[in-house]
Structures are given as structure tokens and as C-alpha cells.
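Quick notes on the structure that follows.
This structure is a prediction, so every number in the text was calculated from the model and none was measured. Note that the numbering runs from 1 along the sequence shown for the chain. First listed ligand is number 1; within each ligand, the first listed atom is number 1.
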Amino acid sequence: MVNMKLPTLFLLSFAGAALAGSKCKPDPPPFSTFPRRIIYDPPAGKRASYPRHVELRDGTLLVTSSVIGGDFLNNRNSSFPVFESKDGGVHWKWISNITDQVNGWGMSAQPALLELSKPLGGFKPGTILFSGNSWSENGTRIDLYASTDRARTWQFVSHVAEGGRPNTTNGATPIWEPFLLEYDDELIVYYSDQRDPKHGQKLAHQRSKDLRNWGPLVNDVRYDEYLARPGMTVVAKIETIDKWILVHEFPVGNSSSYGVNYPVYYRIADEPTKFDSAPGIPIVIDGKLAPNASPYVVWSPAGGPNGTIVVSDADRSEIYTNRFGGDPDKWEMHAIEQPAAYSRALHIFRKHPEHLMVLGGATFDEGGPDELSLSVYDLKEILKTRIHPA
Ligand SMILES: *[C@@H]1O[C@H](CO)[C@@H](O)[C@H](O)[C@H]1NC(C)=O
Ligand SMILES: *[C@@H]1O[C@H](CO)[C@@H](O)[C@H](O)[C@H]1NC(C)=O
Ligand SMILES: *[C@@H]1O[C@H](CO)[C@@H](O)[C@H](O)[C@H]1NC(C)=O
Ligand SMILES: *[C@@H]1O[C@H](CO)[C@@H](O)[C@H](O)[C@H]1NC(C)=O
Ligand SMILES: *[C@@H]1O[C@H](CO)[C@@H](O)[C@H](O)[C@H]1NC(C)=O
Ligand SMILES: *[C@@H]1O[C@H](CO)[C@@H](O)[C@H](O)[C@H]1NC(C)=O
């Protein structure tokens with residue numbers, strides 16, 4: 001409105017300056033906040049999907065994703081590109097590809113990354129662990145790999161679990177979507193499991209003290225209703241109340257709640273191995289809107305005495321927050337620019353715990369963005385403005 005009163009000449013030169021400014025827009029400073037930057041734009045016909053990341057102890061960020069396109073079922077050449085940033089996500093370098101070294105099936109989908117903080121299985125602290133789903137017409141395998149040279153090369157460590165060929169129909173027996181957590185001198189691998197004949201799909205985990213021998217399957221989320229298909233575990237610690245949160249999507253047949261088929265649910269437990277007995281709670285904003293599908297969760301100490309739980313879903317650009325230790329009635333929704341994507345990932349920086357990274361790739365259906373990109377926000381700024389669903 002104010003601009004309309006300015007002389008035309010000033011407006012023109014102002015517009016010219018703005019245009020020139022945007023053409024040679026300087027890079028943001030290292031470890032700052034910034035809107036969307038592209039990490040990797042895959043070649044035509046390929047889509048970077050389901051991004052995951054790890055922040056190493058020295059602040060280096062590593063990002064990977066599956067690259068989909070081509071034969072879904074039998075693609076022995078499929079691999080995960082790995083990108084490195086030394087300045088908090090401003091600049092990126094492609095440093096390796098994680099390939100399937102043992103199955104002859106390819107490294108198909110659903111990556112997970114973690115840096116060891118303690119020695120485990122003969123590996124030193126600083127070793128980077130990777131898990132993903134290697135599949136073909138003959139099965140699904142959640143495999144574990146390690147890198148002792150900062151993600152330059154990778155070595156196969158063990159098969160964690162194996163299921164039937166990829167098939168999301170109830171009654172088929174694949175496994176999906178590993179998530180890694182270091183806990184109590186063990187590695188936990190959470191995953192989605194269709195092998196139990198009592199459940200269309202359930203969520204479970206296995207633990208290892210040596211990264212090679214895997215303990216018994218422990219249930220995390222299962223429902224008596226056979227058609228229930230809880231999926232896509234992500235776990236975070238809520239430090240202020242010393243509890244753990246697990247988020248998952250929760251389709252049940254074709255039923256819908258608040259107009260969505262894959263509502264996002266969460267559980268809070270005293271230990272990350274004890275979610276099975278915790279109640280499942282839906283995220284609902286203002287009693288009106290439910291996030292949908294492929295959630296991610298992180299916790300930040302910023303935002304209040306209980307810090308802030310931050311959740312992302314597949315359908316919306318917006319993020320969801322809870323500053324009351326997961327109180328079911330205290331979820332909020334906030335606008336951000338980073339576009340919606342399938343299984344978008346979130347990260348809170350170790351040295352800047354008020355900085356929230358939102359890491360995105362392709363949408364589930366074709367037609368959205370195809371590239372890997374990230375934004376970094378000041379969570380305290382985001383929390384200042386809520387969106388109330390109509
Ligand atoms: C896989 O890679 C090999 C070697 O580069 C190539 O000959 C083959 O055509 C590729 N297969 C597919 C399905 O892309
Ligand atoms: C990763 O693999 C692609 C081919 O899929 C190749 O072009 C690229 O050079 C590889 N990058 C690294 C760092 O190994
Ligand atoms: C699946 O197993 C059959 C029988 O062993 C074999 O002929 C086929 O090549 C396998 N397919 C893949 C992709 O490994
Ligand atoms: C998927 O699983 C269902 C249930 O077991 C089965 O009927 C169907 O044939 C499977 N589809 C494929 C392509 O294997
Ligand atoms: C969901 O609806 C589709 C289309 O109406 C139907 O084919 C399918 O069997 C239904 N699935 C379940 C689990 O009810
Ligand atoms: C922090 O979270 C706990 C657990 O939900 C709750 O009992 C407590 O009231 C919360 N405190 C504040 C200040 O939100």
C-alpha cells in the first residue's frame with residue numbers, strides 16, 4: 001500500500017534493483033537459517049524420495065534419499081546417493097553412493113542414517129550406520145551397513161530382518177521402513193512388519209549389542225483390528241520429561257477420520273522399547289484437521305519449559321508443534337515455505353537447538369517437486385504465528 005504513493009521512477013528503479021539483487025542473491029551465511037535450497041536435482045525420469053540425514057559430531061550434515069524411477073520391483077542398480085554439507089546445509093557435495101553389496105537386488109528404498117556415539121560391534125564412535133530396504137521379486141531385506149571413513153565407503157554388516165516381496169496388500173509378508181536409534185549400548189532397528197498373520201501390518205523393533213546378532217521381535221504398535229496398518233515409525237526423545245515419542249501413520253482399511261485415510265498417531269513411553277503398552281493418540285489441530293501420512297518427529301529444547309515437539313506429514317507444507325509434552329489438546333499448526341513431500345524429514349541442530357531443518361524430496365504421487373531440498377528455520381520465529389484450520 002505504501003509503495004503506491006511512491007513516484008513511478010523510484011518504483012522502476014526499486015524493481016530493477018530487486019531483480020538484480022535476486023539474480024546474484026548471496027549465499028546465506030554458514031549455519032544460518034534460510035528458505036529452500038536444492039541439494040540434488042535427479043536426472044529426468046528419476047525422483048529423489050524419502051530423504052534422511054544425520055548430523056555428525058563436528059556439525060557435518062549427511063543427506064541421502066532413495067532415487068525412484070525405472071523398474072520398481074527388480075532394479076539391481078538402484079542405490080542411494082550421499083551428500084555432505086560442512087556449513088549447515090548451504091553448500092552440498094555428492095560424496096558416495098550406497099549400493100547393495102550382498103543380495104543382487106539393489107538398494108531399493110527407505111534409508112536411515114545414524115552416527116555411533118559409543119563403540120558398538122567393533123566399530124568406533126564416529127562410525128556412520130546406514131539401513132535401507134533392499135528388495136526384489138524374491139523378498140524385502142532390511143540390511144545394515146557401516147562407514148568408518150565419513151561416508152566415503154560402505155561395508156555390509158548384517159541382515160537385520162527379511163520378509164516377502166514388496167506388496168502392500170494385507171496377507172502379503174514384506175517388511176518396510178527401518179528407523180535407527182542408539183539406546184542403552186544397543187542399536188534398535190524399528191520397522192513396519194506385514195509378516196504377523198494377526199495384523200495387516202504392525203510396527204516392531206529388534207535390538208543388537210554387536211550389530212550382527214539381532215534379538216527377538218518386540219512389538220511397538222499393533223491393533224486387534226486386522227485391517228489396521230500402522231506404518232512408518234519415527235522416534236524422538238523429549239528430554240525435559242525424560243520420555244520418548246513414536247509417530248506413525250495409521251490407515252485402517254478405507255476408513256477415514258477428519259477426511260484423511262492415513263491419520264498421524266503418536267505414543268509416549270518411558271523407554272523407546274516400551275511403546276506397545278502406551279496408548280495411541282491422533283494428532284488433531286483445533287478439533288478440525290488431521291495431518292496425513294508418512295510423519296516425522298523431532299524435539300527441540302526451544303519454545304518453552306517443555307521445549308517443542310515438531311511433526312511433519314506428507315500432505316501439507318505446514319508443520320505441527322506441541323509445547324506441552326505431547327498433551328493431546330495442545331497441537332498447533334504453523335506455515336513454512338518448504339513444500340509438502342512424501343516422508344519429509346526434520347532435524348534439530350546440536351549447536352543451534354532452535355534451528356529446525358525441514359528436508360524434502362518428491363511427493364508420493366508424481367507431479368510435485370522431484371528434487372532433494374532443505375530449509376532451515378528459527379523455530380522460535382515459526383512458533384509466533386499459528387494457522388487455525390477453517
Ligand atoms: C545396470 O548396470 C549395468 C552396468 O552398468 C548395465 O549394464 C545394466 O543395463 C543396468 N541395468 C539396469 C536395469 O539399469
Ligand atoms: C554415484 O553414482 C552415479 C551413477 O548413478 C555416478 O554418476 C556418480 O558419479 C556416483 N557418485 C559418487 C560420488 O560415487
Ligand atoms: C529370484 O529367484 C529366482 C529363483 O531362484 C531366480 O531365478 C531369480 O533370478 C531371482 N530374482 C532376483 C531379482 O534375484
Ligand atoms: C500381493 O499379496 C496378495 C495377498 O497375499 C496376493 O493375493 C497378491 O497376489 C500379491 N500380489 C503380487 C503382485 O504378488
Ligand atoms: C478399499 O476400497 C477399494 C475400492 O473401493 C477396494 O477395492 C478395497 O478392497 C478396499 N480395501 C479395504 C481394505 O477395505
Ligand atoms: C510439561 O509436560 C508435562 C507432561 O505432559 C506436563 O505435565 C506439564 O504440565 C508440562 N509443563 C508445561 C509448563 O507445559
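Side-chain polar atoms of Arg229 and Gln194 form a donor-acceptor pair below 3.5 angstrom.
Per-residue contacts place Asn167 under 4.0 angstrom from the following atoms of ligand 4 (heavy atoms of the residue considered): 1 (C), 2 (O), 3 (C), 8 (C), 10 (C), 11 (N), 12 (C), 14 (O). Each of the atoms 4 (C) of ligand 4 lies under 4.0 Å from some heavy atom of Asn170. Of all the atoms in ligand 3, the ones that sit under 4.0 Å from a non-hydrogen atom of Trp105 are 14 (O). Heavy-atom contacts of Ala172 reach the following atoms of ligand 4: 2 (O), 4 (C), 5 (O) (cutoff under 4.0 Å). Shown in contact with Arg165 at under 4.0 Å from a heavy atom are these atoms of ligand 4, numbered in order with element: 14 (O).
The protein non-hydrogen atom at the shortest distance from atom 3 (C) of ligand 6 is Asn306 ND2, 3.5 Å. In terms of protein heavy atoms, atom 5 (O) of ligand 6 is closest to Phe324 O, 3.3 Å. If you check which protein heavy atom lies closest to atom 2 (O) of ligand 3, you get Asn138 ND2, 2.3 Å. Protein heavy atom nearest atom 13 (C) of ligand 3, with residue, atom name and distance: Asn74 OD1, 3.4 Å.
In this structure a side-chain-to-backbone donor-acceptor pair under 3.5 Å is missing from Asn167 to Pro174. Under the 3.5 Å distance criterion, the side-chain polar atoms of Arg195 are matched with a main-chain donor or acceptor of Glu162.
At under 3.5 Å, a nitrogen or oxygen of Glu137, whether backbone or side chain, sits near a nitrogen or oxygen of ligand 3. On a distance-only criterion, Ser136 and ligand 3 share no N/O pair closer than 3.5 Å.
Put simply, the residue from Ile336, Asp378, Ile319, Thr308 that forms a side-chain contact (heavy atoms from CB on, under 4.5 Å) with Leu356 is Ile319.
Between Trp176 and Trp135, the ring planes are perpendicular. Angles over 60° get that label, and only those under 30° would be called parallel. Below 30°, between 30° and 60°, or above 60°: for Tyr223 and His248 the angle between ring planes is between 30° and 60°, a tilted geometry. Aromatic ring pairs are classed by plane angle as parallel below 30°, tilted from 30° to 60° and perpendicular above 60°; the pair Tyr190 and Phe179 is tilted.
For atom 7 (O) of ligand 3, the nearest protein heavy atom is 4.0 Å or more away. For atom 10 (C) of ligand 3, the nearest protein heavy atom lies under 4.0 Å away.
Counting only residues at least two apart or in different chains, side chain to side chain donor-acceptor pair (under 3.5 Å) contacts with residues 327-341 comprise Tyr266-Trp331, Thr321-His334, Arg323-Glu332, Glu332-His334, Glu337-Tyr377, Gln338-Ser373, Gln338-Ser375.
In terms of the side-chain contact (heavy atoms from CB on, under 4.5 Å) criterion, residue partners of Asp370 (sequence neighbours excluded) are, by chain and number, Arg47.
Using a 4.0 angstrom heavy-atom cutoff, Pro305 counts as in contact with ligand 6.
Inter-residue side-chain proximity for Asp58 and Arg150 is flagged as met; some heavy-atom pair is nearer than 4.5 Å.
Remark: among candidates Asp327, Ile241, Thr240, the nearest residue to atom 4 (C) of ligand 6 is Ile241, based on non-hydrogen atoms.
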